[in-house]
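Just so we're clear, the structure is a prediction, and the values are computed from it rather than from any experiment.
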Amino acid sequence: MAKGRGQKGRARGAEPTAVASVTGGLAELVPDRDRPRAWTLLIDRAPQSHVDLDDPAYLDFAYQRRLGHIADLAAPPGRPLQVVHLGGGAFTLARYIAATRPRSTQQIVEIDAPLVEFVRRELPLDGGWRIRVRGGDAREGLARVPDGWADLIIADVFSGARTPAHLTSVEFAGEVRRALRPGGFYAANLADGPPLAHLKAQIATARAVFPELCLTADPAVLRGRRFGNAVLLAADRELPVAELTRRAATDPHQGRVEHGRDLDAFTGGAVPVTDADAKPSPAPPPSVFD
């Protein structure tokens, strides 16, 4: 899940068609006026996911498009993937991968059981997709993934608008790498605002475990001008930076990719986070949801 908006304001002014009380707050599904079977999932007014049941390959939110680009580039086009999603939301990225890479095997770990029930009921998954939803904590669920099983692990976990502390450490990143096959991709949706201390520390944390990193975000977020989402990609092999850069630059919500020396300069003197000193990500300002 994510608590940054970063997408077109389709939900503004529309009334929800379904509402439920979930562990994370009040869940609402607001219809997309431009797409007859599409909805935005909000929790306590914060946009979480956008789903088009008629076109699951359509990604509306900027950060989800960036995660979709990573899924596209994780393997040759059409090849099935083994994917772990830490955080479920409305299962948007799992739907996308199922649609674009048929026969992929996917696991979703989501701690909010009432949210899972709500999404399954209101936005049902295709019965032919190989998607398994597990209840429970993301790190505990990750620990149950066999060594080297995943081609792609996506972390998009927010609780009360903040990523829990135990999902921000070197030890957590080490568990991610254990579960990835050699050459696999780790993608994380991060949220931060000025002075970007959390984001920089998360880059340093991933750098302690993975030799290759890049970061994609709105230039205004990278310059510390506003709170927003940034997508971190990490692996043990060379990353498709040129293609990610091209896609980010041509997206409806243009992004910038930082890599190599530029990413090192951006990170500055940030140090890796350990379990002993981990803290949740910062809460967004109220203006993010206005």
Geometric cation-pi criterion Arg177 and Phe210, 6.0 Å radius, 45° cone:
yes
Flag the pair [X] / [Y] as yes when at least one side-chain heavy-atom distance between them is below 4.5 Å, and no otherwise.
X      : Y      : result
Asp151 : Arg181 : yes
Trp149 : Thr105 : yes
Ile154 : Leu67  : yes
Trp39  : Thr17  : yes
His259 : Leu213 : no
Pro56  : Trp129 : yes
Tyr186 : Ile153 : yes
Phe172 : Thr205 : no

Heavy-atom closest contact ([X] atom, [Y] atom, distance):
X      : Y      : answer
Pro219 : Gly255 : CD-CA, 4.2 Å
Ala57  : Ala99  : N-CB, 4.3 Å
Pro282 : Phe227 : O-CZ, 3.8 Å
Ala278 : Val273 : CA-CG1, 3.5 Å
Leu93  : Gly68  : CD1-N, 3.9 Å
Leu123 : Arg95  : O-NH2, 2.6 Å

Quick check against the 3.5 Å criterion: does [X] have a side-chain atom that pairs as donor or acceptor with the backbone of [Y]?
X      : Y      : value
Ser281 : Thr163 : yes
Arg101 : Ala75  : yes
Asp44  : Leu26  : yes
Asp32  : Ala38  : no
Arg256 : Leu222 : no
Asp55  : Asp52  : no
Glu171 : Asp275 : yes
Asp112 : Gly24  : yes
Ser104 : Leu81  : yes
Arg178 : Val145 : yes

As an exercise, state the distance from [atom1] of [X] to [atom2] of [Y], rounded to the nearest 0.5 Å.
X      : Y      : atom1 : atom2 : value
Ile97  : Leu152 : CD1   : CG    : 5.5 Å
Glu212 : Arg237 : CD    : CZ    : 10.5 Å
Glu140 : His166 : CD    : NE2   : 7.0 Å
Leu190 : Leu196 : CG    : CG    : 11.0 Å
Phe61  : Leu41  : CZ    : CG    : 8.0 Å
Thr267 : Glu258 : OG1   : CD    : 9.0 Å

Are any of the side-chain nitrogens in Arg35 or Asp60 under 4.0 Å away from the carboxylate oxygens of its partner?
no
One thing to verify: whether Arg247 and Glu243 come together as a salt bridge, which I'm taking to mean a side-chain N less than 4.0 angstrom from a carboxylate O.
yes
Starting from the C-alpha separation in whole Å, work towards a yes-or-no answer on side-chain contact (heavy atoms from CB on, under 4.5 Å) for Glu110 and Val157.
CA-CA 8 Å; Glu110 172 57 61; Val157 186; over 6 Å; no
Val231, Ile70, Leu215, Leu239 screened by side-chain contact (heavy atoms from CB on, under 4.5 Å) with Leu244, the one that passes
Ile70
Give the cluster check for Phe158 versus Val221: same hydrophobic cluster or not, with ILVMFWY residues linked at side-chain heavy-atom distances below 4.5 Å.
no
Applying the 4.5 Å side-chain criterion to the ILVMFWY set and letting contacts propagate, would Val109 and Ile111 be lumped into a single cluster?
no
Qualifying side chain to side chain donor-acceptor pair (under 3.5 Å) pairs, either residue in residues 215-224, two or more places apart
Asp218-Arg226
Sorted by chain and number, sequence neighbours left out, salt bridge (charged side-chain N to carboxylate O under 4.0 Å, His left out) with Asp262 holds for none
Derivation of the side-chain contact (heavy atoms from CB on, under 4.5 Å) call for His69 and Asp251:
CA-CA 10 Å; His69 297 329; Asp251 264 346; 3.0 Å; yes
More than 12 non-hydrogen atoms from neighbouring residues, nucleotides or ligands closer than 6.0 Å to [atom1] on [X], yes or no?
X      : atom1 : result
Glu117 : CD    : no
Arg225 : CZ    : no
Arg121 : CZ    : yes

Under the criterion side-chain contact (heavy atoms from CB on, under 4.5 Å), I'd like the reasoning laid out for Val133 against Arg120: C-alpha separation, chi angles, the key distance, then a yes or no.
CA-CA 10 Å; Val133 184; Arg120 281 188 177 277; 3.2 Å; yes
Go through the steps for Arg139 and Ser169 under the test side-chain contact (heavy atoms from CB on, under 4.5 Å), then give the verdict.
CA-CA 11 Å; Arg139 188 157 164 180; Ser169 68; 3.5 Å; yes
Do Asp72 and Tyr96 meet the criterion of a side-chain donor-acceptor pair at a distance under 3.5 Å?
yes
Per side chain to side chain donor-acceptor pair (under 3.5 Å), Gln107 is matched among Arg132, Arg130, Gln82, Arg134 by Arg134
Donor-acceptor pairs under 3.5 angstrom involving side-chain atoms of residues 83-92: please list them, not counting sequence neighbours.
{"from": "His85", "atom 1": "NE2", "to": "Gln106", "atom 2": "OE1", "distance (Å)": "2.6"}
{"from": "Thr92", "atom 1": "OG1", "to": "His50", "atom 2": "O", "distance (Å)": "3.2"}

